[in-house]
A.B. asks: 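One structure, as structure tokens, below. Some questions next.
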Amino acid sequence: MDAARLVAESERVMRGAPRPEDVIEEAWQAGELVEAVSRLLSAGRTGDGAAREEPQPGRAVPPVAVPGAGPPRAARLTAVRDPAGTLRALRVLLGEIKQALVVLTCAVEDEGAYWSCVEALDAVDEARERVRALVRTGAGDGGARGGESSCGV
């Protein structure tokens, strides 16, 4: 499945009225998706013929399972047809998730929920840095631009 469709799934969740646990899950899902997109772009496989790469757990995997969370959406990633557009969409999505997490972190009363939010915020920040690095290296535009950002990050 193309990365843009997977980003759109997260966007739909965030546009709805996500419950706190949905926001936390989307943070982890987005982090996993950024990792998977990064692996595909680094391997130079972007189009329809991209070979499926098995997901590899990384730093973005939550230390404690999120209740009700299924397998990462990133496990369905097979292609990144529009790398620059995908990186822009991921940047926007991660910003929305971060804003929702900040609001949620300020509102929670339970210490465990607070730390879950903080850990999810850390994962979102790591994912945003990964997107910035991809843009800096030109992964989003086939490497033609060098360090120039086409995604505004």
Side-chain angles (χ1 to χ4, degrees), residues 1-63 65-66 68-105 116-117 119-153:
M1 180 176 288
D2 183 53
R5 290 181 63 190
L6 296 172
V7 172
E9 286 182 31
S10 287
E11 289 171 338
R12 279 191 290 279
V13 171
M14 292 305 295
R15 265 190 245 120
R19 300 170 299 165
E21 56 270 18
D22 295 335
V23 175
I24 293 169
E25 180 180 346
E26 288 308 312
W28 296 115
Q29 291 279 356
E32 287 291 325
L33 184 55
V34 168
E35 291 292 324
V37 165
S38 175
R39 285 192 301 271
L40 279 180
L41 292 177
S42 295
R45 296 181 296 192
T46 57
D48 292 327
R52 182 178 176 92
E53 183 168 324
E54 291 302 315
Q56 300 172 359
R59 291 179 309 227
V61 176
V66 177
R73 244 178 240 123
R76 299 189 329 239
L77 179 66
T78 57
V80 184
R81 291 186 184 98
D82 177 12
T86 297
L87 293 176
R88 276 192 302 274
L90 282 167
R91 183 185 57 84
V92 170
L93 174 65
L94 289 165
E96 291 172 2
I97 293 171
K98 184 172 183 169
Q99 286 180 330
L101 282 169
V102 168
V103 169
L104 185 58
T105 303
S116 291
C117 290
E119 290 171 351
L121 275 166
D122 287 344
V124 167
D125 284 339
E126 285 182 26
R128 289 178 74 172
E129 275 304 310
R130 175 55 80 62
V131 170
R132 284 185 194 106
L134 288 168
V135 171
R136 277 192 305 272
T137 62
D141 57 10
R145 304 178 86 104
E148 184 179 326
S149 172
S150 63
C151 298
V153 291

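Everything quoted here is computed from the prediction, not taken from an experiment.
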A.B. asks: Are the side chains of Arg81 and Arg5 in touch, meaning some heavy atoms are under 4.5 Å apart?
C.D. replies: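 No - every pair of side-chain heavy atoms lies 4.5 Å or more apart.
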
A.B. asks: Let me confirm one number: the OG-CD distance from Ser38 to Glu35, rounded to the nearest 0.5 Å.
C.D. replies: 6.0 Å

A.B. asks: Please round to the nearest 0.5 Å and tell me the distance separating atom CG of Leu40 and atom CG of Leu77.
C.D. replies: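 Going from the CG atom of Leu40 to the CG atom of Leu77 covers 4.5 Å.
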
A.B. asks: For Glu96, is there an ion pair with Arg91 - N to carboxylate O distance below 4.0 angstrom?
C.D. replies: no

A.B. asks: Between Ala127 and Gly31, what is the shortest heavy-atom contact and its length?
C.D. replies: CB-CA, 4.0 Å

A.B. asks: Of all residues at least two apart in sequence or in a different chain, which pass the side chain to side chain contact (heavy atoms under 4.5 Å, CB included) check with Arg19?
C.D. replies: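 Listed in chain order: Glu21, Asp22.
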
A.B. asks: Step by step, work out the salt bridge (Lys or Arg N to Asp or Glu O under 4.0 Å) result for Arg12 and Glu26.
C.D. replies: CA-CA 11 Å; Arg12 279 191 290 279; Glu26 288 308 312; over 6 Å; no

A.B. asks: Side-chain contact, heavy-atom cut-off 4.5 Å: Arg73 with Leu33?
C.D. replies: no

A.B. asks: Considering residues at least two apart in sequence or located in another chain, which fulfil the side-chain hydrogen bond (donor to acceptor under 3.5 Å, both in side chains) criterion with Gln99?
C.D. replies: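 So Gln99 forms no side-chain hydrogen bond (donor to acceptor under 3.5 Å, both in side chains) with any residue.
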
A.B. asks: State, with a plain yes or no, whether a side-chain heavy atom of Trp28 is found less than 4.5 Å away from one of Glu119.
C.D. replies: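 The answer is yes, as the side chains (C-beta and beyond) meet within the 4.5 Å cut-off.
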
A.B. asks: Under the side-chain contact (heavy atoms from CB on, under 4.5 Å) criterion, do Leu121 and Lys98 qualify, and how do the steps go?
C.D. replies: CA-CA 6 Å; Leu121 275 166; Lys98 184 172 183 169; 3.8 Å; yes

A.B. asks: Show the nearest heavy-atom pair for residues Val7 and Ala89, with the distance to one decimal.
C.D. replies: CG1-CB, 3.8 Å

A.B. asks: With side chains defined as the heavy atoms from C-beta onward, is the minimum distance between Leu87 and Val80 less than 4.5 Å?
C.D. replies: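 No. Closest side-chain heavy atoms not under 4.5 Å.
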
A.B. asks: Kindly give the heavy-atom pair with the smallest separation between Asp2 and Ala79, and that separation in Å.
C.D. replies: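 Looking at all heavy atoms of both residues, the shortest contact is OD1-O, 3.2 Å.
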
A.B. asks: So Ile97 and Met14, do their side chains get closer than 4.5 Å, heavy atoms only?
C.D. replies: yes

A.B. asks: Do the charged groups of Arg130 and Glu126 touch, with an N to O distance under 4.0 Å?
C.D. replies: no

A.B. asks: State, to 0.1 Å, how close Pro18 and Gly16 come at their nearest heavy-atom pair, and which atoms those are.
C.D. replies: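 The answer is CD-O, 2.9 Å.
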
A.B. asks: If we ignore angles and hydrogens, is there a donor and acceptor under 3.5 Å between the side chains of Ser10 and Gln29?
C.D. replies: no

A.B. asks: Any heavy-atom pair between the side chains of Leu101 and Ile24 that's under 4.5 Å?
C.D. replies: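 A side-chain contact exists here, since the closest heavy-atom pair is under 4.5 Å.
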
A.B. asks: Can you sort out the partners of Asp122 under salt bridge (charged side-chain N to carboxylate O under 4.0 Å, His left out), two or more places apart, ordered by chain and number?
C.D. replies: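 Once residues adjacent in sequence are excluded, Asp122 has no partner under the salt bridge (charged side-chain N to carboxylate O under 4.0 Å, His left out) criterion.
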
A.B. asks: Quick one, Leu94 and Val34 - any side-chain contact, counting heavy atoms below 4.5 Å?
C.D. replies: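 Yes, close enough: below the 4.5 Å cut-off.
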
